[in-house]
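In what follows, every chain begins at residue 1, and chains take the letters A, B, ... in the order their sequences are listed.
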Amino acid sequence: MATARKAVADSRANLPFVYRHYSQEQLKQVLHKMYLIRRFEEGAEECYMRGLIHGTMHLSIGQEASAMGICMPLAEDDQITSTHRGHGHCIAKGAEVSRMFAEFFGKTTGYCKGRGGSMHIADVAKGNLGANGIVAGGIPIAVGAALSAKRMKTGKVVVSFFGDGANNEGAFHEALNMAAIWKLPVIFVCENNGYGMSTSTARSTAVKNIAERAAAYAMPGVIVNGNIFSEVAEASFKAVERARAGEGPTLIESKTYRHRGHSKSDRNRYRTKEEIEDWMANRDPITLFETELRDFGFIDDQGIQAIRDAVAKEIADGIEFAKASPAPEIATLEDYVYTEHA
Amino acid sequence: MDIAVRELSYAQAIQEAMAIAMDMDERVFLMGEDIGVYGGAFQVTGDLVERYGADRVIDTPISELGGAGVAVGAAVTGMRPIFEFQFSDFATLGMEQIVNQAAKMRFMLGGEVSVPLVMRFPAGSGTGAAAQHSQSLEAWLGHVPGLKVIQPATPHDAKGMLLAAVADPDPVMIFEHKLLYKMKGHVPEGHYTVPIGKAEIRREGRDLTIVATSIMVQKALDAAAALEGEGIDIEVVDLRTIRPIDRQTVIASVKKTSRLLCVYEAVKTLGIGAEVSAMVAESEAFDYLDAPIVRLGGAETPIPYNPDLEKATVPQVADIIAAARDLVKGVR
Ligand SMILES: Cc1ncc(C[n+]2csc(CCOP(=O)(O)OP(=O)(O)O)c2C)c(N)n1
Ligand SMILES: [Mg+2]
């Protein structure tokens, strides 16, 4: 099987999208970042268990190919809005894990200076306009950012990430409609992981596929397997091209699965152990991509090990950086509420 | 020599301010429902679409939540939107974006962004529009750190404060009483600003301080004029901004007059009157008080349709006269 795939790889022409569009080095970087997201969240989870991080967090473990695939064709100054499950988006858009850990630890060196935490994590300098604690809260904001891009002719494209649960909020519908009537350069990315907390899409959503909602707003609705990096990246690439050409928005439904519970309070009563194990064993996005890379001859076992080792070090260093960073002074409590005048 | 003073209506003053803001800064644009060829529900935008085009005077669908969010997104990415809610009551539909997003974005992101957003809210009763088109919800927004909330009471201030709002790096919410739109007054030509966060003493007096907002400023002035004949000398403070509130001006005035009456149209309890009263009671002005603080606010009811009931819902000049007289004469 592996040799058969290798033969295909040698001809290149019939390879999946990303192998035709990106260099070997770029693809190895993708694997690196997918591991970085996974290990970051595992590290954060462990710190949480050990009481080093308070509050709660929403892990995207199992959804890494979706975040990476969507961000693959984006330029550094393209923008995204993200969600409560936004660690992957943040890393995929270029954030450093050290400053993310620092934020989770509530330190001044964190991206939000300890004011935002997991649920508002963002590296604004890398075009991330923020994770969001409000389901669907970022969708109209992305449309506004796209309006800016169009009016100021910056050529930027904006991606709005949201979950399946958000597709039943009014903000989703209002935002898609406005993006369509004004032909704005925005891409709506629904990461459908099957559930909004405990409520399955079958119970919450009248249409079978969320991509079908696109028809109501006269935009393309695309369904991709969100656990296959190349499929996601290809859909994103096309949507970005369309947006940059001034042809308007696209709705991408990226079908995926979260391995962990909704948040730290989840007892997983609404889904079976078998279901979770099936996704983990048979459709893990990192395993799928790594296997493909190896089979196509883009990486060998040694290369994979090198990536894993580098990521482990980055994570350990990041946690050390966070621990060693200073906590904010209580006297700065009211900073950043308003813009300080010079 | 009398220089003919130029008079504009409150609505015209706002329109002029928006035109000046758009002339001065390419990034400024208007968004709202039916603000284009229709001219806005209260003709505040009027014919601006003819001068600035549909790209800068944008008719939105009837989507208050989405529209507010688009304005937030545009503001945070470099534009300077002025967003009109058709009626302030519809703020309830946009509340998520105003309260959770616009107000907190800078804070949540550790100061990495600013949200230079202006939102305009035609507010208040007196038009027979009944319970869902007549509310005064400014205190709702005044409760939210991150927002600035203003209530200009004159055409002069309507223009100057809007221009200050557009220049402000943070979200500014402007509550405009609908009955003020036709009020005429002197409005200077060209660009000028009236600072946000500064109250204005509209009339100096010795016996009583009336702190009033929006349309109640004129009513308080009318009441003060009526009481002059009785030898009662009233100071009227136009609060103008409810967040951030101008403590200094209010406290200094109460120290001078030793009596405080708060007058506002919004429902009396848990409102701006409570805030001003508490602010004074907590301050050094407390020791100067010769009488209990009195609040005159809206009745504890939705705004009714019947015109007599509607009038009875909010403080009128006669109510202010009676309350002021009682306070000064020591009846209370
Ligand atoms: C407006 C709003 N309603 C409810 C919640 C509570 N809540 C947080 S996440 C969530 C589920 C969201 O599901 P989905 O959009 O599918 O995203 P996922 O968690 O699956 O990534 C809920 C109900 C919220 N944060 N905001
Ligand atoms: Mg979900």
Pair count under 4.5 Å, heavy atoms only, with chain B: among A:Leu129, A:Thr81, A:Ile141, A:Asp335, highest is A:Ile141
Below 4.5 Å, heavy atoms only, C-beta onward: do A:Glu174 and B:Val70 meet side chain to side chain?
-> no
Residues A:Trp182 and B:Asp59: closest non-hydrogen pair is CZ2-O, 3.6 Å
Which atom pair, heavy atoms only, marks the closest approach of A:Lys113 to B:Gly110?
-> NZ-O, 2.6 Å
Going by heavy atoms in the side chains, are B:Gln97 and A:Ile134 under 4.5 Å from each other?
-> no
Around atom CD1 of A:Ile181, are there more than 12 heavy atoms of other residues, nucleotides or ligands at under 6.0 Å?
-> yes
Side chains of B:Glu112 and A:Tyr111 in contact at under 4.5 Å (non-hydrogen atoms) | no
Could you please spell out the steps behind the side chain to side chain contact (heavy atoms under 4.5 Å, CB included) verdict for B:Glu26 and A:Arg151?
-> CA-CA 10 Å; B:Glu26 260 300 306; A:Arg151 276 210 43 83; 4.0 Å; yes
Minimum heavy-atom separation for B:Ser63 to A:Met178, with atom names?
-> CB-CE, 3.9 Å
If you draw a 6.0 Å radius around NE2 in A:His54, do more than 12 non-hydrogen atoms from other residues or ligands fall strictly inside?
-> no
Atom pair NE2/CG of A:His173 and B:Leu65 - distance to nearest 0.5 Å | 11.5 Å
Does the pair B:Met108 and A:Asn132 meet the rule for a side chain to side chain contact (heavy atoms under 4.5 Å, CB included), with working shown?
-> CA-CA 10 Å; B:Met108 294 186 301; A:Asn132 213 304; 5.8 Å; no
Calculate, to the nearest 0.5 Å, the distance between atoms CZ and CZ belonging to B:Arg106 and A:Arg115 respectively.
-> 11.0 Å
Please flag which part of A:Val124 lies under 4.5 Å from any non-hydrogen atom of chain B: side chain, backbone, both or neither.
-> side chain
More than 12 heavy atoms from other groups under 6.0 Å of CD on A:Glu329 = no
Pick one of side chain, backbone, both or neither for B:Asn100, based on which atoms fall under 4.5 Å of a heavy atom in chain A.
-> side chain
Just wondering, are more than 12 heavy atoms of other shown residues or ligands nearer than 6.0 Å to CD in A:Glu247?
-> yes
Please look at A:Glu103 and chain B and tell me whether the side chain, the backbone, both or neither of the residue comes under 4.5 angstrom of a heavy atom of that chain.
-> neither
Taking all atoms of both residues into account, what is the closest heavy-atom pair of A:Asn177 and B:Pro61, and its distance?
-> ND2-CG, 3.7 Å
What option among A:Gly116, A:Ala145, A:Gly114, A:Ala146 has the most heavy-atom pairs under 4.5 Å with chain B?
-> A:Ala145
Are A:Leu147 and B:Met79 close enough that some pair of their side-chain heavy atoms sits under 4.5 Å apart?
-> no
Leading residue by heavy atom contact count with chain B [cutoff under 4.5 Å; candidates A:Gly137, A:Ala122, A:Ala131] | A:Gly137
Does B:Tyr192 OH have over 12 foreign heavy atoms under 6.0 Å away?
-> yes
Within a reach of under 6.0 Å around NZ of A:Lys264, are more than 12 heavy atoms found that belong to other residues, nucleotides or ligands?
-> yes
Scanning both residues in full, the closest heavy-atom pair of A:Gly144 with B:Thr77 reads O-OG1, 4.2 Å
Determine the minimum heavy-atom distance between A:Tyr338 and B:Val144, stating which atoms define it.
-> OH-O, 4.3 Å
Region of B:Leu147 in contact with chain A, defined by heavy-atom distances below 4.5 Å | backbone
